[in-house]
Amino acid sequence: MTAEANPRTGRGTWVRVLVRGAVLTVVLLGLVVFSVLLAKVTLTPSPASADLVTANLRPGRSLRQYAEDYTFLAACKQAGGNLLLGVPFGLLLPFFVPRRLRMIRTTLLTAVAMAVVELIQGALVEGRAFDIDDVILNTTGALLGYFVLGRRISHRYYTYTDDSGFPRPSAEKPEAELKRAPEPVGRAKATRTETAPTKAARAKAAPTKSVRAKVARTKAARTKTGQRDRPKPAATASAKKRGARAGRTDGAADGGRRATGSGAVRSLLDRLRGR
């Protein structure tokens, strides 16, 4: 499997590289052609309209003039021409812009490019002037081209040329899938047959609740009878010693009492004799 998968992956990478190079070449050629056409349309001098054209820095002023002073066809020609000039930006720029925030970056690049063109017109080209409405119309055309066709084409291009868009070969399965793989049928049966007798043996060995209650009752009865039949404990050696000491002290006290009594009797006899 690995020997077959490696040539396939190598061929896939080479095909993706060739397709990517071909697509980028076509897009670059399209940008060059579009730039030439844009330069011819916007940077050609017009001496006849030198006295009529003035710079416009207010958004919507030229559009209002198209609606009021121009005929319908002339207004559509002016506004539609500016919109069409921006459409190629929305088709070609997404191939060179990163995938993150692609629409915003395409819009900003179009606005900057057309603002530079308008500045060149007003500064260097005779009969041309800077018009902010032309920049707005060109940027709107770029957005239309991006939403209609540019987003889909660029998305397919990136999904095809990106390595993550292709499935991994079977030899490079992640470890999680290998861990989750089911066990063979033979092993499952063996484990089942091994666990069945162990469960039965545990069930036999484990005593029931009634047996446990009987054993507890017998133990309690034995402890009660043992406490009744037990003889009283004999006096210990320390108790004996204490008794002997107490006897001695009592004997000494009796002897002292007797000695004192005999002494008193003798003293009385001696007094009587002296008289």
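Computed over heavy atoms, backbone and side chain alike; hydrogens, waters and symmetry mates excluded.
From I132, atom CD1 reaches atom CG of L137 across 10.5 Å, with rounding to the nearest 0.5 Å. The structure places CG of N56 at 8.5 Å from CZ of R58, a figure rounded to the nearest 0.5 Å. Between atom CG of residue L119 and atom CG of residue L124 there is a gap of 10.0 Å, rounded to the nearest 0.5 Å.
Evaluation of the ring-ring contact (aromatic ring centres under 6.0 Å, His included) rule for F96 yields no partner, not counting sequence neighbours. Shown here are the side-chain contact (heavy atoms from CB on, under 4.5 Å) partners of V148, two or more places apart in sequence or in another chain: there are none. Partners of F147 by ring-ring contact (aromatic ring centres under 6.0 Å, His included), not counting sequence neighbours: none found. Residues satisfying the side-chain contact (heavy atoms from CB on, under 4.5 Å) test with R152, not counting sequence neighbours, are none. Not counting sequence neighbours, the partners of Y66 by the ring-ring contact (aromatic ring centres under 6.0 Å, His included) test are Y70.
Follow the hydrophobic side-chain contacts under 4.5 Å out from V53 and you never reach I120; the two are in separate clusters. Note: the hydrophobic cluster containing V116 also contains V125 (ILVMFWY, side chain heavy atoms under 4.5 Å, direct or indirect links). In terms of hydrophobic clustering, with Ile, Leu, Val, Met, Phe, Trp and Tyr side chains grouped at heavy-atom distances under 4.5 Å, L149 and V87 are assigned to a common cluster. When hydrophobic clusters are built by joining Ile, Leu, Val, Met, Phe, Trp and Tyr residues whose side-chain heavy atoms come closer than 4.5 Å, directly or via intermediates, I153 is grouped together with L31. Linking Ile, Leu, Val, Met, Phe, Trp and Tyr whenever their side-chain heavy atoms come within less than 4.5 Å puts L92 and V23 in one cluster.
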Side-chain donor-acceptor distances from residues 76-83 under 3.5 Å, at least two apart:
residue	atom	partner	partner atom	Å
N82	ND2	Q78	O	3.1
N82	ND2	D134	OD1	3.0

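Contact annotation: the side chain of L43 approaches that of Q121 to within less than 4.5 Å [non-hydrogen atoms, C-beta and beyond]. Here the side chains of R61 and L63 are not in contact, with every heavy-atom distance at 4.5 Å or above. Residues F89 and L109 fail the side-chain proximity criterion, which asks for heavy atoms closer than 4.5 Å. Using a 4.5 Å cut-off on side-chain heavy atoms (C-beta onward), P98 and R105 make contact. Inter-residue side-chain proximity for L143 and M103 is flagged as met; some heavy-atom pair is nearer than 4.5 Å. At least one side-chain heavy atom of V19 sits under 4.5 Å from a side-chain heavy atom of Y160. Side-chain contact between L57 and F130: present, with at least one pair of heavy atoms (C-beta onward) separated by less than 4.5 Å. Side chains of L108 and T139 form no contact here, defined as non-hydrogen atoms less than 4.5 Å apart.
When every heavy atom of A55 is checked against every heavy atom of A129, the shortest pair comes out as N-CB, 3.8 Å. Heavy-atom minimum distance, S62 versus D133: N-OD2, 2.7 Å. Taking each heavy atom of H155 and R102 in turn, the nearest pair found is N-NH1, 4.0 Å. The heavy-atom pair separating T42 from L38 by the smallest distance is OG1-O, 2.5 Å. Contact between T106 and G90 at its shortest, heavy atoms only, is CG2-CA, 4.3 Å.
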- In sequence, state the C-alpha distance, the side-chain angles, and the governing distance for L37 and L85, and then conclude on side-chain contact (heavy atoms from CB on, under 4.5 Å). CA-CA 9 Å; L37 293 175; L85 283 176; over 6 Å; no
- Could you please spell out the steps behind the side-chain hydrogen bond (donor to acceptor under 3.5 Å, both in side chains) verdict for S46 and R128? CA-CA 7 Å; S46 178; R128 303 280 183 175; 5.7 Å; no
- Steps toward side-chain contact (heavy atoms from CB on, under 4.5 Å) verdict (V36, V33): CA-CA 5 Å; V36 172; V33 173; 5.8 Å; no
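Between Y158 and F95, the gap from one ring centroid to the other reaches at least 6.0 Å.
A donor-acceptor pair under 3.5 Å is absent between the side-chain atoms of N138 and the main chain of T110, judged by distance alone. Side-chain atoms of E118 come within 3.5 Å of backbone atoms of D131 as a donor-acceptor pair (strictly under, hydrogens ignored).
Under 3.5 Å, the side chains of R20 and Y157 contain a donor-acceptor pair of N or O atoms.
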